[in-house]
Structures are given as C-alpha cells and as structure tokens.
**Student:** 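Got a structure for you, written out below as structure tokens; questions coming shortly.
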Protein chains: 2
Amino acid sequence: MSTIESMTITRGQADRRQAILEGAFTVFARRGYAQACVKEVAAEAGVAKPTVYNHLNDKATLFRQSVQAAAQVVLDERLAALEPLKEPDDLHATLEDVGHRLLQLHTDDRSCALRRLLYAEITQFPDLIDIVVENGPHRLTQALADRLARLTLAGRLRANDPDQAAEQLIALLTGPLEARSRMGTRQIDDAELHQLARAAIRTFLATFGTADG
Amino acid sequence: MSTIESMTITRGQADRRQAILEGAFTVFARRGYAQACVKEVAAEAGVAKPTVYNHLNDKATLFRQSVQAAAQVVLDERLAALEPLKEPDDLHATLEDVGHRLLQLHTDDRSCALRRLLYAEITQFPDLIDIVVENGPHRLTQALADRLARLTLAGRLRANDPDQAAEQLIALLTGPLEARSRMGTRQIDDAELHQLARAAIRTFLATFGTADG
DNA sequence: CGATGATTGAACTCATGGGTACAAGCTATT
DNA sequence: AATAGCTTGTACCCATGAGTTCAATCATCG
C-alpha cells in the first residue's frame, strides 16, 4: 500500500526530526546554548551534522524547537497530575498526593534543565517567553484555579479568589524547592518531597480549608 | 603623609578593580557569560583590555568575582530589610512592610540579573553554589527564622518550627513573582507588589498568627 | 628631575565552532 | 534497473573572541 509506505517515509523523517530535537535538548541542557556545539547535537541524535541543518535552519531554531518540545511534555505531565482533584474522596489526602506529584515533576531532570535553560537564555530569546512561559506555569495555575473554584462551589474549600489560591498553593509547594535543591543541582529524596507537600498543604488548608475535608 | 598617599594609591587601584567588577557584572547580566566579551567589559568599565587582565587572571575569575560581589550587595540589602521585625509595633503592618520591601528587592534589576546568571551558568560554575547560594537565600531564611522564633517566644506568633515558617513566608512572597514577572523580564509596578505582600501575609498569619497582632 | 610601575591602544596568535560544499552511498518509487 | 531525494563523512571557509606582546604614555614617589 502506498499510503502505508508513505506513512513509513514521513514517520521515518518525523522520527529523525524528533531524535534531533531530543538530542538537542539533552546537549543544550548539559552545556547551555553557547557552549553546545551542533556537532555534539548530531552525535547525540545519531545523525550527521549536515542532516541537522537539513531539518532545522540554524542553531537558534534548533534551540527554540527543542525547548518548545520539552516544555510541551513538561506541561502535559503537570496538567495530568491535577486529575485526581476532579473527584476527590479525602480532600486533604488528595491535595497532598497531587502536591507530592507536582513536586516530583518539578524536580525531575528534564524540568530542572528546562527551567535553567529558560532563565539562562531568556534575554537572547525573548520570544520564548510567549511560547513557553504563557503556555507553561500560567496554564498550570489556571487549571489548578479551575479545580479550586469547583471545590469551593461544592463547599469543600473557601477559595473565594481561586486564582490567588492556586498561585499561593503552587508557591508553597515549589518555592522551598529552589533553595533546598540548590537551584536544581541537588537531588531531593522522595521522603523530603513528602514532607514539603504535607507542610504546604497544611498551611494552604489553614487559610482555604473548611471544617469538612 | 605617606599613609594617606599610599591610601590614595591603593584606593585608586581598588576603585579600578571595583569599576571592572561592576562593569563585568553589567555586561554579563546583559549578554550572559559566553556572549559577553572581555573587550566590552573593558569598555563598560572605562579601561583598556590588558588592564582587565592585569587585575583578574581570566574571564572565568572575572565572572566569579563579579557575581560574588553582586551577591554580597544583594544579601546585605535583604538582611537590612528584616530590621523592622526586631521591634514591631503593629506586627501585621510590619510584616506587610517587610514583605513589600523584600519584593521590591527581589524584583530590582541587579537581583533579577543575578538570579538569571546563576541559573544560567550554575552547571559551568558549580563552585558558585557554595559561594553564593549558601550565603544568599539560605542566610536570609535563617535570619528571618531567627526573627520569627523571637516573635513566637514573645507570644506574638505561633511558629513552632521557625525554619519552616520562614521558608513558607518567603515562598508565599516570592513564588508568585516568577510567573508574574515572566522570569524577571517584565517590571511589576509597586501597587501590584503591595497586593502580593498583603495576600502573602494574610495567608501566613492564618497559619502562624495569634489573636493579638 | 628621574625612576618605577601601572595603563593604553594596537596588532597579533590561536582555538573554537557555525555553516557550507561535495562526492559517495542508501532508499524507495517507477 | 534507473532516477530522485536523503544521508553521511570529510574537508573547508570564515567570523568571533580569549589571551598576549610591545612600545608609548601617564602618574606617583624619592
């Protein structure tokens, strides 16, 4: 079938492009933008240097595309982590679980590398702000605010300003990480993440909780 | 007097070194480490390129020293901002004022540039962690925890774990900034900083406050 | 005034790395 | 089998910038 074969062709090309973008992100994460060389990206992706330039115009687009792809993955993971808040049985326990999951995602290698890269190159690539930041933290806060609003309507929370509540919950969760992880260079073990999540939820519920969990 | 004159000599040399370090930080903040060139640093400091190499061995030490100097300034400013907590009259109002001051310092140009530079180059300069992070955020949290502990002993707060309380207070204050300032690229007006400080202190006191302010 | 030492500008060396050219090989459609 | 399009390795061009050298200049001190 020509359709299947053409599928395999385009699949093969798409796979190659995908491999290049993933290799590029790996190398950029390891070295930073300026120190990363395209030769190393090609090696990481298992292709030749001219092939890289065949798929992406230049180093800058290579960077933009790879960062954008990584950001998409990271955002999807976080949005998925909010799912349990749709039908929480034990609200306190569910909040702790979701918080813990968010902390795990926040501290994983890809996420830390992405954050470092954005901070590093945001002045050189200001267009990444719109592409990544607006579609990243902002949409996560929005999605969380939606959940908190529903829970408030159901009488299980007192978050009259759900946007602010979501903002503060995320701050309570991830804020302490920056110092503790020494800017993402130290791994934090799971027990410590649990502690942080419990402490964050305790403070959050002291302000926004109701009598019945 | 030879002492005075030798003072002026060393003063002159020290001033030149100081000018070079400040110019270096300005240029590094503007371009990032790799994109910054020593020629531009020399121009910013108003000296010739060989003079830079006469005071600092190479570009790496130039970077380390300039970042370290900037971090010292930033830390001192923040520690000074905690002073009002020593003898608070109206505790709620004092906390809001201190919080607001911390937010102002957190969003000023030098502070944002320093944060970006650290995130950017921390993998290339891992020794900066010990020099800067330990003496920066960590010592601020410690100093704040000291204040909260005193206030708890005086019966004006209920921060039985002052380290955690300090950590969460700083998180409530500065966490929302990252998203709102779009990683330090957007200026936030003072009214918005006031709002953020008020919201943070409200949540903080809901957990750690007592009946009598 | 003369000497010592820092400063200056300009030219230079050298390594790095982005990006391209080209010839040879591989793959898939006809 | 044959043609067309990617891919590959290698070699190359060229811009950038770190770090140095050197002769000339300036400031400071005895």
Side-chain angles (χ1 to χ4, degrees), chain A residues 1-28 30-67 120-121 124-125, chain B residues 1-28 30-67 120-121 124-125:
Chain A
M1 311 265 192
S2 70
T3 54
I4 288 182
E5 284 166 344
S6 66
M7 281 288 288
T8 58
I9 290 176
T10 56
R11 176 92 57 89
Q13 287 179 337
D15 282 352
R16 217 164 219 126
R17 183 190 169 92
Q18 190 67 19
I20 292 173
L21 290 181
E22 284 173 13
F25 185 78
T26 303
V27 175
F28 285 133
R30 189 160 53 217
R31 306 244 186 268
Y33 176 74
Q35 282 80 10
C37 67
V38 178
K39 191 178 171 184
E40 191 179 356
V41 170
E44 184 79 28
V47 299
K49 191 164 74 147
T51 306
V52 174
Y53 284 99
N54 194 23
H55 285 265
L56 288 310
N57 286 334
D58 54 13
K59 193 183 175 184
T61 30
L62 185 60
F63 182 70
R64 265 184 266 262
Q65 300 283 328
S66 66
V67 165
E121 311 298 343
Q124 310 293 322
F125 297 90
Chain B
M1 311 268 191
S2 71
T3 54
I4 290 181
E5 284 166 342
S6 68
M7 282 288 290
T8 58
I9 289 176
T10 56
R11 175 92 58 87
Q13 287 179 337
D15 281 353
R16 217 166 217 124
R17 184 191 168 93
Q18 190 65 20
I20 292 173
L21 290 182
E22 283 173 13
F25 185 78
T26 303
V27 174
F28 284 133
R30 188 159 55 218
R31 304 245 186 268
Y33 177 74
Q35 281 81 11
C37 67
V38 178
K39 190 179 171 185
E40 192 179 356
V41 170
E44 184 78 27
V47 299
K49 191 164 73 144
T51 305
V52 174
Y53 285 98
N54 195 22
H55 286 265
L56 288 311
N57 286 333
D58 53 14
K59 191 183 177 185
T61 29
L62 185 61
F63 182 70
R64 265 184 268 263
Q65 299 283 327
S66 67
V67 165
E121 311 298 343
Q124 311 292 322
F125 297 89

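Owing to the predicted nature of the structure, the values given are computational and were not obtained by experimental measurement. Below, chain A is the first sequence line, B the second, and so on; all start at residue 1.
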**Student:** Could you give all pairs that pass the salt bridge (charged side-chain N to carboxylate O under 4.0 Å, His left out) test and reach residues 48-65 of chain A, with sequence neighbours left out?
**Tutor:**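 Sorted result for residues 48-65 of chain A: A/Arg64-A/Asp127.
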**Student:** Can you name the residues that form a side chain to side chain contact (heavy atoms under 4.5 Å, CB included) with B/Gln18, not counting sequence neighbours?
**Tutor:**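 By the side chain to side chain contact (heavy atoms under 4.5 Å, CB included) rule, B/Gln18 matches B/Glu22.
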**Student:** Would you mind reading off the distance between B/Leu56 atom CG and C/dA6 atom P, rounded to a whole angstrom?
**Tutor:**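 So the two atoms are 15 Å apart, to the nearest Å.
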**Student:** Using a 4.0 Å heavy-atom cut-off to protein, can you give one letter per nucleotide of nucleotides 11-24 of chain C, 5' to 3': B if the base is in contact, S if only the sugar-phosphate is, - if neither?
**Tutor:** ------SSBBB---
**Student:** Is B/Arg16 close enough to C/dT7 that one of its side-chain N or O atoms is under 4.0 Å from OP1 or OP2 there?
**Tutor:**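 So the side-chain polar atoms of B/Arg16 do come within 4.0 Å of the phosphate oxygens OP1 or OP2 of C/dT7, strictly under.
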**Student:** Does some side-chain heavy atom of A/Val52 sit less than 4.5 Å from a side-chain heavy atom of A/Lys39?
**Tutor:**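 Not in contact.
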**Student:** Over the length of the helix from C/dC1-D/dG30 to C/dT30-D/dA1, how much do the five-pair end axes diverge, rounded to 10 degrees?
**Tutor:**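 Between the first-five-pair axis and the last-five-pair axis there is 10°.
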**Student:** Just to verify, what does A/Phe25 make a ring pair (Phe, Tyr, Trp, His ring centres under 6.0 Å) with, not counting sequence neighbours?
**Tutor:**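 By the ring pair (Phe, Tyr, Trp, His ring centres under 6.0 Å) rule, A/Phe25 matches no residue at all.
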**Student:** Considering residues at least two apart in sequence or located in another chain, which fulfil the side chain to side chain contact (heavy atoms under 4.5 Å, CB included) criterion with B/Ala24?
**Tutor:**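 Testing B/Ala24 for side chain to side chain contact (heavy atoms under 4.5 Å, CB included), a comparison that skips the adjacent residues, returns B/Phe28, B/Val41, B/Leu62, B/Ser66.
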**Student:** Only counting residues at least two apart or in another chain, list the ones meeting side chain to side chain donor-acceptor pair (under 3.5 Å) with B/Glu44.
**Tutor:**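 Partners of B/Glu44 under the side chain to side chain donor-acceptor pair (under 3.5 Å) test: B/Arg30.
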**Student:** How far does CZ of A/Arg31 sit from CD of A/Glu40, to the nearest 0.5 angstrom?
**Tutor:**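 With rounding to 0.5 Å, CZ (A/Arg31) is 4.0 Å from CD (A/Glu40).
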**Student:** Give a yes/no answer on whether the side chain of A/His55 brings an N or O atom under 4.0 Å of OP1 or OP2 in D/dC6.
**Tutor:**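 No, A/His55 has no side-chain N/O under 4.0 Å of OP1/OP2 on D/dC6.
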**Student:** Take atom CZ of B/Arg17 and atom C1' of C/dT7, then tell me their distance rounded to the nearest Å.
**Tutor:**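 Those two atoms, CZ and C1', are 17 Å apart.
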**Student:** Can you tell me the distance, in whole Å, between the CG atom of B/Asp15 and the C1' atom of D/dA27?
**Tutor:**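 Value for this atom pair: 16 Å.
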**Student:** Using whole Å, what does the distance between atom P of nucleotide C/dA6 and atom CG of B/Asn54 come to?
**Tutor:**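 These atoms are roughly 7 Å apart.
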**Student:** Return the set of residues passing ring pair (Phe, Tyr, Trp, His ring centres under 6.0 Å) with B/Tyr53 (not counting sequence neighbours), or none when no residue passes.
**Tutor:**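 Per chain and number, B/Tyr53 pairs via ring pair (Phe, Tyr, Trp, His ring centres under 6.0 Å) with no residue.
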